[in-house]
Undergrad: 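Pasting a structure below so you can have a look.
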2 protein chains.
Amino acid sequence: MGEAATGLVAQLVDELERKLLFGDIIPGDKLPAQRAMAQGFGVSRATVREAVFTLESRGLVETFHGGGSVCCNLLESGYPEPEVKEGGGSRELQQQVMEMREMLEGEAAYFAARRATPAQREALSLEYARMRERGSGETTLRKAKADLTFHMLIAESSHHLLVVSLSQVLYTRYFNVIYAVLSRTLRKTGRYPPGIGAQHEEIYRAVLAGEAERARRAAREHIAYTRQQLSA
Amino acid sequence: MGEAATGLVAQLVDELERKLLFGDIIPGDKLPAQRAMAQGFGVSRATVREAVFTLESRGLVETFHGGGSVCCNLLESGYPEPEVKEGGGSRELQQQVMEMREMLEGEAAYFAARRATPAQREALSLEYARMRERGSGETTLRKAKADLTFHMLIAESSHHLLVVSLSQVLYTRYFNVIYAVLSRTLRKTGRYPPGIGAQHEEIYRAVLAGEAERARRAAREHIAYTRQQLSA
DNA sequence: CTGGCGAAGTGGTCTGACCAAGCATGGGGG
DNA sequence: CCCCCATGCTTGGTCAGACCACTTCGCCAG
């Protein structure tokens, strides 16, 4: 391992991560006690704690007060109940991400309505039809992904490098935040919010009709609606 | 913050995250020293360290040994490197940057009108007065910088981490483009466009008056006007 | 067998100290 | 006059030991 990890914590993290990934410690197993690890590795407990915390923030382990740290099952996360605490960020961040989406998707729709190529219009139609077809019977995760695919298609149709760039950054880097918002809404209302379908249709129609202002308004309203569910 | 965070670290994290997202600390700013925070919050430095580390693992801050912790720009990486030479890029890029500004500064003004602190309102007044005072007799470069300073002040007053992040990226990375637009306008009309002053005043007044919708409209119109000069 | 209780073990936090790396300042050399 | 670097202050990194809060588990009384 040619690693030249700088810092004791980083070295410890590498060491433990290897053990975890290599299966010396399998999901459900408990990690050694912090005091034991400190002595074993010849470092202070504070260092061990930071290392364990790093692993926790990466989702590799879970720590219980008085109960030790346990290796996680990596596939269990992302299940229907993602337990928003780590995955979704603070309420405030969720709010800000949605505000950003509101402005961004409004502009994306605006430009898409004016500049989408025939091929892009067709792709959008296809995606919209597919989205509409399956409707329910999908996991929240798949719904969120389908939703972002739809909006990303519109962003791409804007033929606006900066809009596309920002969309990519937002949709990938903050996917878990967006997902958490949708997930939270679903858990509260019990089902897919009734307005969403109609809103998607309105955006879709406006873009295809080439009515830019209407598309912008529709897109903004769509996000505003979702955002509103959040604060309610 | 109606949070019922369990654990001192979690409380501290919430507190700091709030400050970051709300813009009390904007990208590029340094966080207080760990010792200072420990004293300020009445906790030990170990607790502060864990909290800072949490923020770091969420990508909100970056920590440097001996150099403090700084608030990150959430959108910096992942954005295209423009490689804009002195010329100011293609007409198309100029157009797109200005379109981005139109959307961004509209939202920035909107939020600034609602959330600017008294200190920020005063700073904005000062900057506006200074801007107005010198008027002519400045180089184009200084004018462009003053213009961006004015708009950056508004962005900072939005207390919106994502808006600030995007503004920073746009204003620094695409400064040459923005400069080229202004430069081109000046060369064509021979002087500072007549509408600009009044537009700045309108934005300024709307923000200070706390009229969010009006501020958004004014900011959008301002950029739209400049953009129009471009294509004419 | 059951229920409660307490000891032992674990993570959470505090304190204070020292080490290491950045940074500002000022003096010396060019 | 300017540039460079030595040095001291500031900042984060690590350490050691202590105490508190929570969980676990086994012992003992009922």
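All chains are named by letter (A, B, ...) in the order of the sequence lines, taking the proteins before the strands, and each is independently numbered beginning at 1.
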Undergrad: Output all residues satisfying side chain to side chain contact (heavy atoms under 4.5 Å, CB included) with B:Gln95, sequence neighbours left out; order by chain, then residue number.
TA: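 For B:Gln95 the side chain to side chain contact (heavy atoms under 4.5 Å, CB included) partners, ignoring immediate neighbours, are B:Glu99, B:Arg227, B:Leu230, B:Ser231.
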
Undergrad: Measure CG/B:Leu12 against P/C:dG12 and give the value in whole Å, please.
TA: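 Going from B:Leu12 (CG) to C:dG12 (P), I get 15 Å.
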
Undergrad: Holding to side chain to side chain contact (heavy atoms under 4.5 Å, CB included), I want the full list of residues that pass it with B:Thr172, two or more places apart in sequence or in another chain.
TA: none

Undergrad: Using the test salt bridge (Lys or Arg N to Asp or Glu O under 4.0 Å), find all partners of B:Arg114 that sit at least two apart in sequence or belong to another chain.
TA: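 B:Arg114 satisfies salt bridge (Lys or Arg N to Asp or Glu O under 4.0 Å) with no other residue.
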
Undergrad: Suppose we screen for side chain to side chain contact (heavy atoms under 4.5 Å, CB included). Which residues come up paired with A:Phe64, at least two apart in sequence or across chains?
TA: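 Partners of A:Phe64 by the side chain to side chain contact (heavy atoms under 4.5 Å, CB included) criterion, ordered by chain and then number, come out as A:Glu62, A:Val70.
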
Undergrad: Using salt bridge (Lys or Arg N to Asp or Glu O under 4.0 Å) as the criterion, list what pairs up with A:Glu156, not counting sequence neighbours.
TA: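 Residues passing salt bridge (Lys or Arg N to Asp or Glu O under 4.0 Å) with A:Glu156: none at all.
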
Undergrad: Does A:Ala108 have any side chain to side chain contact (heavy atoms under 4.5 Å, CB included) partners at least two apart in sequence or in another chain, and if so, which?
TA: A:Ile154, A:Ala155, A:Val163

Undergrad: Give the residues of residues 59-68 of chain B touching DNA chain D, defined as any heavy atom closer than 4.0 Å, sorted by residue number.
TA: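 Close to the strand are B:Thr63, B:Phe64, B:His65, B:Gly66, B:Gly68.
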
Undergrad: For B:Met100 and B:Leu166, which heavy atoms make the closest approach, and how far apart are they?
TA: CE-CD2, 4.0 Å

Undergrad: Go through the structure and list residues passing salt bridge (Lys or Arg N to Asp or Glu O under 4.0 Å) with A:Arg220, not counting sequence neighbours.
TA: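 Here the qualifying residues are A:Glu102, B:Glu107.
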
Undergrad: Identify the 5'-most and 3'-most nucleotides of DNA chain D with at least one atom closer than 4.0 Å to a non-hydrogen atom of chain B.
TA: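 It runs D:dT11 to D:dT14.
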
Undergrad: Pairs of donor and acceptor atoms involving the side chains of residues 207-215 of chain B, under 3.5 Å and at least two apart or interchain, shall be tabulated with distances.
TA:
{"unit_1": "B:Glu211", "atom_1": "OE1", "unit_2": "B:Arg214", "atom_2": "NH1", "d": "3.0"}
{"unit_1": "B:Glu211", "atom_1": "OE2", "unit_2": "B:Arg214", "atom_2": "NH1", "d": "3.4"}
{"unit_1": "B:Glu213", "atom_1": "OE1", "unit_2": "B:Arg216", "atom_2": "NH1", "d": "3.1"}
{"unit_1": "B:Arg214", "atom_1": "NE", "unit_2": "B:Glu202", "atom_2": "OE2", "d": "2.8"}
{"unit_1": "B:Arg214", "atom_1": "NH2", "unit_2": "B:Glu202", "atom_2": "OE1", "d": "3.4"}

Undergrad: So which of residues 29-47 of chain A are in contact with DNA chain C, with a heavy-atom cut-off of under 4.0 Å?
TA: A:Ala33, A:Gln34, A:Arg35, A:Arg45

Undergrad: Find the distance A:Leu8:CG to C:dC19:P and express it as a whole number of Å.
TA: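 Checked: the CG to P distance equals 15 Å.
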
Undergrad: Mind checking salt bridge (Lys or Arg N to Asp or Glu O under 4.0 Å) for B:Arg205 and listing every partner two or more places apart, or none if nothing turns up?
TA: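 With neighbours one apart ignored, the set is B:Glu201.
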
